[in-house]
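Just below is one structure, and these are the notes that go with it.
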Amino acid sequence: MWGDICSLYERYPKALAYLKDGWWKDSSHVEMLCAFVIWRATIDVYGANPREELDFQAELLSYGHVLRQEGGGVSTAWKPGPQPPEWASGKRLTS
């Protein structure tokens with residue numbers, strides 16, 4: 001899943017630009033990003049209705065606004081890379 005989230009970020013860098021480093025420690029962000037990954041994969045494989053794509057894009061944009069409102073900025077922004085040790089150990093969900 002970590003690699004899929006990195007790929008999602010690479011595919012939609014503007015929408016996820018305000019994703020903070022350490023997002024994997026917040027269950028809300030983990031669950032949202034995992035849901036977006038699965039949703040995107042489902043659309044890519046089975047999507048036949050253009051409304052599915054529009055819904056996905058609208059929800060991703062909305063999530064991007066949530067990230068921006070949380071604050072931070074360039075100095076706290078996450079950049080895809082190797083998974084942190086907490087992710088592999090399952091100790092990431094703290095809130």
Inset, instruction - Verify, without hydrogens or angle tests, whether Ser62 (side chain) and Ala58 (backbone) share a donor-acceptor contact under 3.5 angstrom. - result: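 Between the backbone of Ala58 and the side chain of Ser62 there is no qualifying donor-acceptor contact (under 3.5 Å).
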Legend entry - Gly81 backbone acceptor or donor facing Trp2 side chain under 3.5 Å: yes
Please examine the side chains of [Y] and [X], heavy atoms only from C-beta on, and report whether any two atoms are closer than 4.5 Å.
| X | Y | result |
| --- | --- | --- |
| Met1 | Ile38 | yes |
| His29 | Lys20 | no |
| Trp39 | Leu60 | no |

Legend entry - Any donor-acceptor N or O pair under 3.5 Å, side chains Glu70, His65: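 No pair is found: no donor N or O on one side chain lies under 3.5 Å from an acceptor on the other.
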Indicate the atoms forming the closest heavy-atom contact of [X] with [Y], along with that distance.
| X | Y | answer |
| --- | --- | --- |
| Glu59 | Phe36 | O-CZ, 3.5 Å |
| Ile43 | Glu52 | CD1-O, 3.6 Å |
| Tyr9 | Pro80 | CD2-CG, 3.2 Å |

Legend entry - Within the 6.0 Å centroid threshold, strictly below: Trp23 and Trp78: yes
Inset, instruction - Check whether the ring centres of Phe56 and Tyr12 lie less than 6.0 Å apart, and answer yes or no. - result: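 Between Phe56 and Tyr12, the centre distance is under 6.0 Å.
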Inset, instruction - Determine, step by step, whether Lys79 and Leu19 satisfy the side-chain contact (heavy atoms from CB on, under 4.5 Å) criterion, reporting the C-alpha distance in whole Å, the side-chain angles of both residues, the deciding distance to 0.1 Å, and the verdict. - result: CA-CA 9 Å; Lys79 297 296 180 210; Leu19 187 60; over 6 Å; no
Inset, instruction - Go through Arg11 and Asp44 one step at a time and tell me if the salt bridge (Lys or Arg N to Asp or Glu O under 4.0 Å) criterion holds. - result: CA-CA 13 Å; Arg11 190 167 176 175; Asp44 288 347; 2.8 Å; yes
Legend entry - Gap separating the SG atom of Cys6 from the CD atom of Gln83, nearest 0.5 angstrom: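 Taking SG in Cys6 and CD in Gln83, the distance rounds to 9.0 Å.
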Inset, instruction - Determine whether Leu16 and Leu61 fall in the same hydrophobic cluster, where Ile, Leu, Val, Met, Phe, Trp and Tyr are linked whenever their side-chain heavy atoms lie under 4.5 Å apart. - result: no
Legend entry - Derivation and outcome, side-chain contact (heavy atoms from CB on, under 4.5 Å), residues Ile5 and Val30: CA-CA 9 Å; Ile5 291 170; Val30 171; 5.9 Å; no
